Amino acid sequence: MAVAGTAVHDPDVLEIRSLRDVDPADVVRQDERGFSFRYGAATPVALADLADMDGWVAVDGGEAVGFVGLRDFELTVPGPRPLAASGVTWVSVAASHRRQGVAAELMGLAHETTAAAGRPVAVLTASEAAIYRRFGYGVATTRYTVRIDRRGARFDAGLEDDVAGRGRCRYVRAGEVTELCRPAYERYRAARAGAVSRRDPWWKRVLIDPAPQWVVHEDASGVVDGFARYTVEQVWDHGHPAHRLVLDDLVSATATGQEALWRLLLGIDLVGPIDFELFDGADPLPWQLDDPRAVRIIDERHALWVCPLDAVAALAGRGYSGRGRVVLDVEGTVLAVDAGPDGADVSLFDGPAHLELGRSELGSLLLGGVRATTLVRARRATELVAGAAAAVDRLFVSDPPPHLATWF
């Protein structure tokens with residue numbers, strides 16, 4: 001499965017093995033080489049991470065020189081049902097084995113495994129943006145890193161703080177986290193396109209580290225509808241506290257819970273900045289503060305990439321914002337999409353298409369956060385019938401935009 005123009009590895013020297021047939025410590029070493037870091041004390045977390053995935057390992061002389069991991073996910077899409085998906089992760093090839101078709105073969109096996117499992121899409125997060133389009137992946141969500149000046153971030157005085165009448169926040173111990181927070185996350189992800197499932201191993205892995213504080217919000221009836229997870233790094237500026245709060249998780253199934261959690265975080269003593277790498281672009285927090293500039297976006301980048309391996313099933317499995325028909329030419333396969341709120345009837349079509357695009361561009365459109373009109377202007381898609389891209393936008397749009405709240 002080598003990519004055209006690259007050398008092919010010698011099969012007598014390099015072999016591909018299942019993750020279950022190698023020592024996971026070898027894969028950890030390859031991951032460290034591939035991403036230029038050391039796990040150190042976090043090695044048990046890395047090994048627990050590997051135990052939660054399938055994968056394929058390139059082995060040369062007994063040494064792991066390449067790897068691709070797969071997680072079994074549910075991906076929330078617009079509409080009433082999630083899509084089965086493979087989360088592709090830990091992808092790397094050793095510098096000694098670049099340009100030999102290793103990555104292409106590993107990705108090909110990942111896609112074959114995904115298709116054989118009946119999952120119509122594969123998803124990933126990418127450390128570099130120029131790698132995965134050739135494998136059929138398109139950017140589907142954007143993530144924002146924000147730095148909040150806690151001392152200058154105050155809720156607008158016109159917004160009455162009646163959180164106490166709508167529920168309460170409280171800290172919980174690690175032993176309570178799974179029971180209380182997991183149902184709240186399930187409520188959240190069921191309603192938010194771009195969210196992925198967090199299975200039992202995810203909750204076990206995240207609780208290996210005892211450092212984070214966990215705080216939940218309970219509604220007026222005592223049901224947990226949201227939670228936050230954070231750590232505080234101590235910083236003393238010549239006797240003046242300026243601690244840095246690193247927010248790892250903030251999700252809520254309700255606007256009330258989300259606001260209450262932010263109010264708690266902004267009220268923590270001794271903290272200067274709050275840093276959050278997974279800020280939701282649809283979060284109304286800046287609009288709720290008397291100084292919206294207290295929330296500064298310090299980084300914006302791609303988050304979730306989507307590859308529709310089975311375009312028919314992927315298009316049929318998501319819901320649409322109305323009823324209508326679009327005809328898409330996806331890399332030479334023409335599909336008629338008769339769309340509705342609960343899904344679509346998708347069939348091969350022998351007539352002319354309305355919009356021509358690649359598989360990666362379809363991946364970008366699938367969650368409703370990227371517009372077809374943008375892809376046409378970027379010359380990543382071709383409008384064959386006037387107004388077709390705008391019609392796709394109307395049907396595919398997701399409100400709020402899709403958001404990935406879980407790194408994998």
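For reference, positions follow the sequence shown, starting with 1. A quick note: this is a predicted structure, and the numbers were derived from the prediction, not measured.
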Legend entry - Nearest heavy-atom neighbours spanning Ala313 and Pro120: CB-CB, 3.7 Å
Legend entry - Main-chain N/O of Gly387 paired to Glu383 side chain as donor or acceptor, under 3.5 Å: yes
Inset, instruction - Hey, could you give me the CD/CG distance between Glu259 and Leu264, rounded to the nearest 0.5 Å? - result: 12.5 Å
Legend entry - Short side-chain donor-acceptor distance under 3.5 Å, Ser92 and Gln30: yes
Inset, instruction - Indicate the ring-plane relationship of Phe279 and Phe276, choosing parallel, tilted or perpendicular according to the 30° and 60° boundaries. - result: perpendicular
Inset, instruction - List the atom of Leu270, the atom of Arg150, and the distance in Å for their closest heavy-atom pair. - result: N-NH2, 4.3 Å
Inset, instruction - For Arg173, look at atom CZ and say whether over 12 heavy atoms of other residues, nucleotides or ligands are found less than 6.0 Å away. - result: no
Inset, instruction - Could you walk me through whether Gln258 and Trp262 pass side-chain contact (heavy atoms from CB on, under 4.5 Å), step by step? - result: CA-CA 6 Å; Gln258 186 163 308; Trp262 275 123; 4.1 Å; yes
Legend entry - Gap separating the CG atom of Leu159 from the CG atom of Leu289, nearest 0.5 angstrom: 9.0 Å
Legend entry - Donor-acceptor contact present, side-chain Asp237 to main-chain His240, <3.5 Å: no
Inset, instruction - Please determine which of Leu304, Thr141, Thr89 meets the side-chain contact (heavy atoms from CB on, under 4.5 Å) test together with Val123. - result: Leu304
Which atom pairs, one a donor and one an acceptor, fall under 3.5 Å between side chains of residues 48-69 and the rest of the protein, sequence neighbours left out?
unit_1: Asp49; atom_1: OD1; unit_2: Arg71; atom_2: NH1; d: 3.2
unit_1: Asp49; atom_1: OD1; unit_2: Arg71; atom_2: NH2; d: 2.5
unit_1: Asp49; atom_1: OD1; unit_2: Arg205; atom_2: NE; d: 3.1
unit_1: Asp49; atom_1: OD2; unit_2: Arg71; atom_2: NH2; d: 3.2
unit_1: Asp49; atom_1: OD2; unit_2: Trp90; atom_2: NE1; d: 3.1
unit_1: Asp52; atom_1: OD1; unit_2: Arg199; atom_2: NH2; d: 2.5
unit_1: Asp52; atom_1: OD2; unit_2: Arg71; atom_2: NH1; d: 3.3
unit_1: Asp52; atom_1: OD2; unit_2: Arg205; atom_2: NH1; d: 3.0
unit_1: Trp56; atom_1: NE1; unit_2: Thr113; atom_2: OG1; d: 3.2
unit_1: Asp60; atom_1: OD2; unit_2: His97; atom_2: NE2; d: 2.6
unit_1: Glu63; atom_1: OE2; unit_2: Arg33; atom_2: NH1; d: 3.3
unit_1: Glu63; atom_1: OE2; unit_2: Arg33; atom_2: NH2; d: 3.3

Inset, instruction - Measure across Asp225 and Gly257 and return the closest heavy-atom pair with its distance rounded to 0.1 Å. - result: OD1-CA, 3.8 Å
Legend entry - Shortest non-hydrogen separation from Leu384 to Glu356 and the atoms involved: CD1-CB, 4.0 Å
Legend entry - Residues Glu74, Arg189: salt bridge by 4.0 Å N-O rule: yes
Inset, instruction - Taking only Lys NZ, Arg NE, NH1 and NH2, and the carboxylate oxygens of Asp or Glu, determine whether Arg323 and Asp338 approach each other closer than 4.0 Å. - result: no
Inset, instruction - Please tell me if the side chains of Leu124 and Val91 come closer than 4.5 Å, counting only heavy atoms from C-beta onward. - result: no
Inset, instruction - Kindly indicate, with the supporting measurements, whether the criterion salt bridge (Lys or Arg N to Asp or Glu O under 4.0 Å) is fulfilled by Asp219 and Arg166. - result: CA-CA 6 Å; Asp219 65 19; Arg166 295 178 286 169; over 6 Å; no
Inset, instruction - Flag the pair Phe73 / Phe408 as yes when their ring centroid distance falls below 6.0 Å, and as no otherwise. - result: yes
Legend entry - Over all atoms of both residues, closest heavy-atom pair of Ala344 and Ala339: CB-CA, 3.9 Å
Inset, instruction - Would you check if the side chain of Arg98 reaches a backbone N or O of Val93 as a donor-acceptor pair within less than 3.5 Å? - result: yes
Inset, instruction - Locate the shortest heavy-atom distance separating Ala389 from Ala372; write the atom from each residue and the value. - result: O-CB, 3.7 Å
Inset, instruction - May I ask you to test the Leu315-Leu362 pair for a side-chain heavy-atom distance under 4.5 Å? - result: yes
Legend entry - Test item: side-chain donor near acceptor, Asp156 and Gln288, under 3.5 Å: no
Inset, instruction - Using modelled atom types only, decide if a donor and an acceptor are shared between the side chain of Ser18 and the backbone of Arg20 within a distance under 3.5 Å. - result: yes
Legend entry - Donor-acceptor under 3.5 Å (Arg244 side chain, Asp275 main chain): no
Legend entry - Gap separating the CG atom of Leu75 from the CZ atom of Arg318, nearest 0.5 angstrom: 11.0 Å
Inset, instruction - Give, for atom CD of Gln213 and atom CD1 of Ile268, the distance between the pair rounded to the nearest 0.5 Å. - result: 8.5 Å
Legend entry - Side-chain heavy atoms of Cys307 within contact of His111, under 4.5 Å: yes
Legend entry - Sidechain-backbone polar pair: Trp214 side chain, Phe227 backbone, donor-acceptor under 3.5 Å: no
Legend entry - Contacts of Asp200 that satisfy side-chain hydrogen bond (donor to acceptor under 3.5 Å, both in side chains) - sequence neighbours left out: Arg182
Legend entry - Close side-chain approach of Val215 and Val172, heavy atoms under 4.5 Å: no
Legend entry - Thr406 versus Tyr185, side-chain donor and acceptor atoms under 3.5 Å: yes
Inset, instruction - Salt-bridge test for Asp149 and Arg147: reply yes if a basic N is under 4.0 Å from a carboxylate O, no otherwise. - result: no
Legend entry - Interatomic spacing from CD1 in Ile16 to CG in Asp21 - rounded to 0.5 Å: 12.5 Å
Inset, instruction - Mark yes or no for whether Thr114, through its side chain, and Ala110, through its backbone, hold a donor-acceptor pair below 3.5 Å. - result: yes
Inset, instruction - Look at Arg154 together with Asp291 and state whether they make a salt bridge at an N to O cut-off of under 4.0 Å. - result: no
Legend entry - Note, Glu233 side chain near Leu245 side chain (heavy atom, < 4.5 Å): no
Inset, instruction - For atom CH2 of Trp236, decide whether the heavy atoms of other residues, nucleotides or ligands shown that lie under 6.0 angstrom number more than 12. - result: yes
Inset, instruction - Run the salt-bridge test on Arg192 and Asp280 with the 4.0 Å N-O cut-off and return the result as yes or no. - result: yes
Legend entry - Side-chain touch Arg229/Val206, heavy atoms, less than 4.5 angstrom: yes
Legend entry - Over 12 non-hydrogen atoms of neighbours within 6.0 angstrom of CD in Glu186: yes
Legend entry - Cationic N near anionic O, under 4.0 Å, Asp345 to Arg325: no
Legend entry - Side chains of Leu357 and Val330 in contact at under 4.5 Å (non-hydrogen atoms): yes
Inset, instruction - Output the distance between atom CZ (Arg359) and atom CG (Leu309), rounded to the nearest 0.5 Å. - result: 5.5 Å
Inset, instruction - Measure the shortest side-chain to side-chain distance between Leu266 and Phe155 over non-hydrogen atoms and say whether it is less than 4.5 angstrom. - result: yes
Legend entry - Check: His302 side chain, Thr142 main-chain N or O, donor-acceptor pair, under 3.5 Å: no
Inset, instruction - Answer yes or no: is there a donor N or O on one side and an acceptor on the other, between the side chain of His354 and the main chain of Val327, under 3.5 Å? - result: yes
Inset, instruction - I would like to know whether Asp249 and Tyr230 meet side chain to side chain donor-acceptor pair (under 3.5 Å); could you show each step before the answer? - result: CA-CA 7 Å; Asp249 224 351; Tyr230 70 89; over 6 Å; no
Legend entry - Derivation and outcome, side-chain contact (heavy atoms from CB on, under 4.5 Å), residues Leu328 and Val334: CA-CA 6 Å; Leu328 307 177; Val334 180; over 6 Å; no
Legend entry - Derivation and outcome, side-chain contact (heavy atoms from CB on, under 4.5 Å), residues Val370 and Leu375: CA-CA 8 Å; Val370 176; Leu375 296 178; 4.2 Å; yes
